[in-house]
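Heads up, the thing below is written out as structure tokens.
Letters go in sequence order (proteins before strands), and every chain restarts at 1. The figures that follow rest on heavy atoms only: side chains count, while hydrogens, waters and symmetry mates do not. Nothing here was measured: the structure is a model prediction, and the numbers come from that model.
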Amino acid sequence: MNSTEQLLSYPRLDPLDPVSLWRGMVWLRSYDERAVALQRQGRIGTYATFWGEEAVQVGALSAIRHSDWMFPTYRENGIVTLRGLPLERAWSYFRGDPGALFDPREYGCAPQSVPLASHLSHAVGWAWSRMVGGHDDVALAFFGDGATSEGEAHEALNVAGVMKAPVVFLCVNNQWAISTPVSRQTAAKQLVDKAIGYGIPGERVDGFDVIEVAESLGRAVERARNGNGPSFIEAFCYRIGPHATADDPSLYRSSVDEEHWRSMEPIGRMEESLIREGLLSYSQAKAYKEAVRTTMLEAARRLDRLPRPDRSWLGKGTFASEVFIGGLTGEEVLS
Amino acid sequence: MNSTEQLLSYPRLDPLDPVSLWRGMVWLRSYDERAVALQRQGRIGTYATFWGEEAVQVGALSAIRHSDWMFPTYRENGIVTLRGLPLERAWSYFRGDPGALFDPREYGCAPQSVPLASHLSHAVGWAWSRMVGGHDDVALAFFGDGATSEGEAHEALNVAGVMKAPVVFLCVNNQWAISTPVSRQTAAKQLVDKAIGYGIPGERVDGFDVIEVAESLGRAVERARNGNGPSFIEAFCYRIGPHATADDPSLYRSSVDEEHWRSMEPIGRMEESLIREGLLSYSQAKAYKEAVRTTMLEAARRLDRLPRPDRSWLGKGTFASEVFIGGLTGEEVLS
Amino acid sequence: MTMVESLNAALDAEMTADDRVVLLGEDIGTTGGVFRVTADLLKRYGSLRVIDMPVSEAGTVGMAVGMCLAGLVPVVEIQFDSFAYPAFQQLVSHLARYRWRTGGSVSMQAVVRLPFGGGIRAPELHSDSPEALFCHMPGLKVVCPSNPLDAYSMLRWAIRHPDPVVFMEPKRLYRLNRAWFNTMPEIWDGWSAAIARQGSDATVVSYGASMHESLAAAELLEQDGISVEVVDLRSLWPLDKSAIIGSVQRTHRLVVVHEAPRSCGVGAEVVAMVAEQAFESLRSPVVRITGLDTPFPMFSLEKEYIPSSELIASIIRKALFK
Amino acid sequence: MTMVESLNAALDAEMTADDRVVLLGEDIGTTGGVFRVTADLLKRYGSLRVIDMPVSEAGTVGMAVGMCLAGLVPVVEIQFDSFAYPAFQQLVSHLARYRWRTGGSVSMQAVVRLPFGGGIRAPELHSDSPEALFCHMPGLKVVCPSNPLDAYSMLRWAIRHPDPVVFMEPKRLYRLNRAWFNTMPEIWDGWSAAIARQGSDATVVSYGASMHESLAAAELLEQDGISVEVVDLRSLWPLDKSAIIGSVQRTHRLVVVHEAPRSCGVGAEVVAMVAEQAFESLRSPVVRITGLDTPFPMFSLEKEYIPSSELIASIIRKALFK
Ligand SMILES: Cc1ncc(C[n+]2csc(CCOP(=O)(O)OP(=O)(O)O)c2C)c(N)n1
Ligand SMILES: Cc1ncc(C[n+]2csc(CCOP(=O)(O)OP(=O)(O)O)c2C)c(N)n1
Ligand SMILES: [Mg+2]
Ligand SMILES: [Mg+2]
């Protein structure tokens, strides 16, 4: 592994190459850590960290190909950098920068969804359209344990079942929705039980195990690609960090619990086993992590140099043609 | 059985007295037939007939007691007459008469819900409130197979599971949602499978068999009353008539099918078995049906004599005090 | 042609012209929709282009958003006005903003057809007029035809338009009158109002079914020697400001008529816009004749709720020409 | 006291006074809500009166409707403005109409608290100002405080009021300033606007966070010798018409300021109402200073979107006193 090469771009994921998955997780962790640092330094605003969910994201992404699309939430805000969105653009979203918005067709990735579960039906519509257009592309849609309670999750899952839309619904059960534990979210024994009510296959996986995630997703993606419709995967993990930088988990959960789950976080475990199996050396690991860290630091510097948007950005892109925008500020009315 | 007595009031239902259940079904059928006739004669507007669903409604109602509440849809528009709402008032709803609206506390019955599935959360809120208030009352909420696809059904069922609200969710699977067959509504093998995803008990019953419905509902009601939370009952039946008087089912389903299901309708079957078992004689049956028919005809005449509402009814009852209604017609602004 | 027929013809024409156009909604296939606007289209275009959806309004509009992402042109039918409410989040947080959320890159070329308004003796919650909600929420264009000709040319425009259009269909007009046309009308320009009747003493601005009441009121007033100009907005957002202002500059008096509740309705916007931009032309107080700020009534009272031609004429007479 | 504290105090007072009052919402229990408005209430009143709900906005508002049916007094917290949209059907088809649907018999004595508006550097869809939607839909009362004192007295009123109240809480003011009061303010009357500043040359009508910009603009204008009266609506529906008209009769000029999009906003209604009912008092065109008819921007641009005191002052100067 050549660290300068790695500096140039994001790691490519191959589900059959565990080292590539480890690299992907390191990339995301480093992205996440840098973002938290940027937030603390006041260089970006409130940020949603995903510490502990690297295995879910990387495992899932490794299971799809480039023409498949992702439909992430705010929690998967960095995943699109694994498809080439410049790091600083991804972070600039949290600086409230409209330049962070991108063309989904360029990266095969929808904009991160803020209203919970409401993006799932978009995945259904996109995937169904590809299918009837004669393509065998698949949509990978992320949503949380909390989002399963929303009516919109239900409608999307149910419609996908009826229409056999090639969608993999990946429920990231990190056990918390802000301060609400999953036990207060539903009386179901496990979230994956909901699949039965939609007549679609369901699987539950260890979300801290990137290989298990990749394999399960691989099966679901194949089903979808072969015309066998959607699946519901529950990736069981833990939200190790706060809900977002503004949140204080000590108000609602015990640090003992946090400690327990933190000790099981996916990257360290995997690194140990790769080293044990001789697929990775300690020094390679260290060098790669260092290289990624440098990449992130450079990107952070580029973030600071991004131009600040001015007033002319207001409303930009709302309409295809801006000829007939009716509402203007009084200022403009008078000018 | 004394026919004049029956003329005076609606039949009381006793789940242990099959004849009372038969009487209830006859009452509803006669109500329904009269309403269809009134519609044909132009004495009421569009009407939603429930032919074939008498066993579901009567079986369910027989399983609850007076302090339990019903949350019906437009399809169960007549059920409240089995709790004493005058027949002509029930029908006057279809004449667009605001006088048809009633105080739910008087009859233990919410207003019929028009927006599908949106009343289910009301049942949850009411039932939970009764429970925490120290009462052991139960809510009986009706909804259709089509309504199961709505996000609001999901939210209500899920919340009820979490909060252990004493609600019986009775899904009347009459196999059609206007022109959409249940097979296009969900890929689930059976609607009752959805219960699993909410962690609540589910049962599927023959909705043409009033005894089976009453027994199943009895179990669900007991669970709820004893603090064991909600249940999901799927009553499998068939919408024998059109969706409503304005609908033409020949556009979307075969008359052979209709014929098949019509032959299984609940009242005739039960009447035969009651006569066979000696619980009812042919002449008693005939006399009762005649008496109910007379009651309905008299009510229909009272309907015609109900006062027609005038302009003063506009907006009446929107607010507790009508002092500050801001919007007035130009007429009123000028007067 | 009735409006139902001309809408059907417009859908048919666009589906033939552009095979990206797909229809989705409840009961639009085999039955052709509860109002038969999509009649026969399933037969003609098949079930991949005319899609009977489960009863899921939010899921349906969300699915349309996803279809736009994939380059299709979805036309959604919501069965009745108030059943747009369960889809409200999809309409205003997604359909309306998705182009913006993709930095202006992806067109939400979609139409949401919304049969609306009272006057057909429909049950509770089947007679709402929610158009102002969509005018207020940024990112949607909102249009409303008042006759079969416009219905045709406007729907064809809406389907071709790259931005999402809420297409308000006045149920009461579906079968009210017929228009005969030998050649089909041209495709609308997407924003212009129409002067439906010329006059000199007052401008009445209206749209949809209220246009018929307004025109009838103008007839009544003519008998009293009052000459009323009637402007059919057609586009509710954005407004054709110059048509409205031009008329007010000629007549110096403004009346707006609609069936929707008054507060923060389209009428409020028309009045406010004129009071800002053509204040000097106004010679007397403006007048709004609208539905009440109360729920649409049970249908036996709907004629009392909906502004009638008699009411409109009498208010105009009293308010402006007493 | 900050507004967060005074709202908390109002909830506390009403929960003590009336044990039918229950709170429901997402994360309102252990954390006391994302803005801490319900802090410590779980501890004080227990989990049967302070209910952490699953993430189900429609289900939560629907549950509140059912609670009203059973005689409780639910106070719902919606976490952020735009998350009211998934509950839209419950809000407008049920909560707003349920009394009417029961022939006027059952009170929907419920409050829906809605933190709204921009200015706190929040992510996408966390800064909307949807109040006009609720003003347009019949059956709801809509109120909005502009300071901690009013927040207290208005929330206590809202909880006691027998009709459903949408209680708009300007997030930007939550911790902006403190009010000191020895005795708690009296309970509001439920409709009256406040003259927040007297003046003679123009009337500025505003509410919520825009009140602060409007008052600051008035200071700026005073330096130019322009005396502006500032009216704080407090009730957005119904409007306190006599307060508004009274002020316009004194100043003869009307300006409305809000952060919500312009078309069919509360400002349109205020202008239209005055143009109908106090037209003769107006001496110059009315002016609306509002958010744009475009989505609320990514937050780095929010200061450009929200009407600022400088903008308000400069527009008033140019439009009315040039
Ligand atoms: C429709 C909607 N309601 C409420 C919120 C506010 N909110 C943001 S995140 C969150 C919790 C979500 O939990 P979960 O789905 O488990 O995802 P996680 O944050 O754990 O990744 C809530 C309630 C929202 N974003 N959208
Ligand atoms: C929210 C909503 N969407 C659409 C409708 C229009 N609609 C009325 S009945 C119906 C079909 C309902 O089918 P189902 O739930 O099976 O009940 P059934 O009519 O068979 O009793 C539809 C789509 C509605 N009433 N409410
Ligand atoms: Mg979670
Ligand atoms: Mg059905």
Inset, instruction - Take the angle between the ring planes of Phe94(B) and Tyr47(B) and call it parallel below 30°, perpendicular above 60°, tilted in between. - result: perpendicular
Inset, instruction - Quick one: pull up CZ in Arg172(C) and CD1 in Ile120(C) and give me the separation to the nearest 0.5 Å. - result: 10.0 Å
Inset, instruction - Pick one of side chain, backbone, both or neither for Arg95(B), based on which atoms fall under 4.5 Å of a heavy atom in chain C. - result: backbone
Inset, instruction - Would you mind telling me which of Pro98(B), Gly151(B), Ala244(B), Gly45(B) has the largest number of heavy-atom pairs within less than 4.5 Å of chain C? - result: Pro98(B)
Inset, instruction - Answer with side chain, backbone, both or neither: which region of Ser82(C) has an atom nearer than 4.5 Å to a non-hydrogen atom of chain B? - result: neither
Legend entry - Sole candidate of Tyr93(B), Tyr31(B), Trp91(B) that passes side-chain hydrogen bond (donor to acceptor under 3.5 Å, both in side chains) when paired with Asn77(B): Tyr31(B)
Legend entry - Option among Ile233(B), Thr186(B), Val172(B) that satisfies the side-chain contact (heavy atoms from CB on, under 4.5 Å) test with Leu191(B): Thr186(B)
Legend entry - Segment of Ile178(B) engaging chain C (4.5 angstrom heavy-atom cut-off): both
Legend entry - Rounded distance [0.5 Å steps], NZ in Lys194(B) versus OG1 in Thr148(B): 5.0 Å
Legend entry - For Arg302(B), salt bridge (Lys or Arg N to Asp or Glu O under 4.0 Å) partners two or more places apart: Glu88(B)
Legend entry - For the student: nearest non-hydrogen atoms of Glu150(B) and Ser56(C), plus distance: OE1-CA, 4.3 Å
Legend entry - Leu301(C) versus chain B, the contacting section by heavy-atom distance below 4.5 Å: both
Inset, instruction - May I ask you to list the residues in residues 250-261 of chain B that approach chain C closer than 4.5 angstrom, counting heavy atoms only, ordered by number? - result: Leu251(B), Tyr252(B)
Inset, instruction - Of all the heavy-atom pairs spanning Thr73(B) and Phe143(B), show the shortest one and how long it is. - result: CG2-CA, 4.1 Å
Inset, instruction - With sequence neighbours left out, write down each residue that passes side-chain hydrogen bond (donor to acceptor under 3.5 Å, both in side chains) with Ser149(B), or none if nothing qualifies. - result: Asn158(A), Gln185(B)
Legend entry - Residue Glu57(C) versus chain B: region with a heavy atom under 4.5 Å: both
Inset, instruction - Take Phe80(C) and His126(C) through the test ring pair (Phe, Tyr, Trp, His ring centres under 6.0 Å) and record every step on the way to the result. - result: CA-CA 6 Å; Phe80(C) 284 88; His126(C) 284 65; 4.2 Å; yes
Legend entry - chain B-proximal positions within residues 23-36 of chain C [heavy-atom distance under 4.5 Å]: Asp27(C), Thr30(C), Thr31(C), Val34(C), Arg36(C)
Legend entry - Rounded distance (nearest 0.5 Å) linking atom OG of Ser127(C) with atom CD1 of Ile306(C): 7.5 Å
Legend entry - Nearest-0.5 Å distance, CZ of residue Arg262(C) to OG1 of residue Thr294(C): 11.5 Å
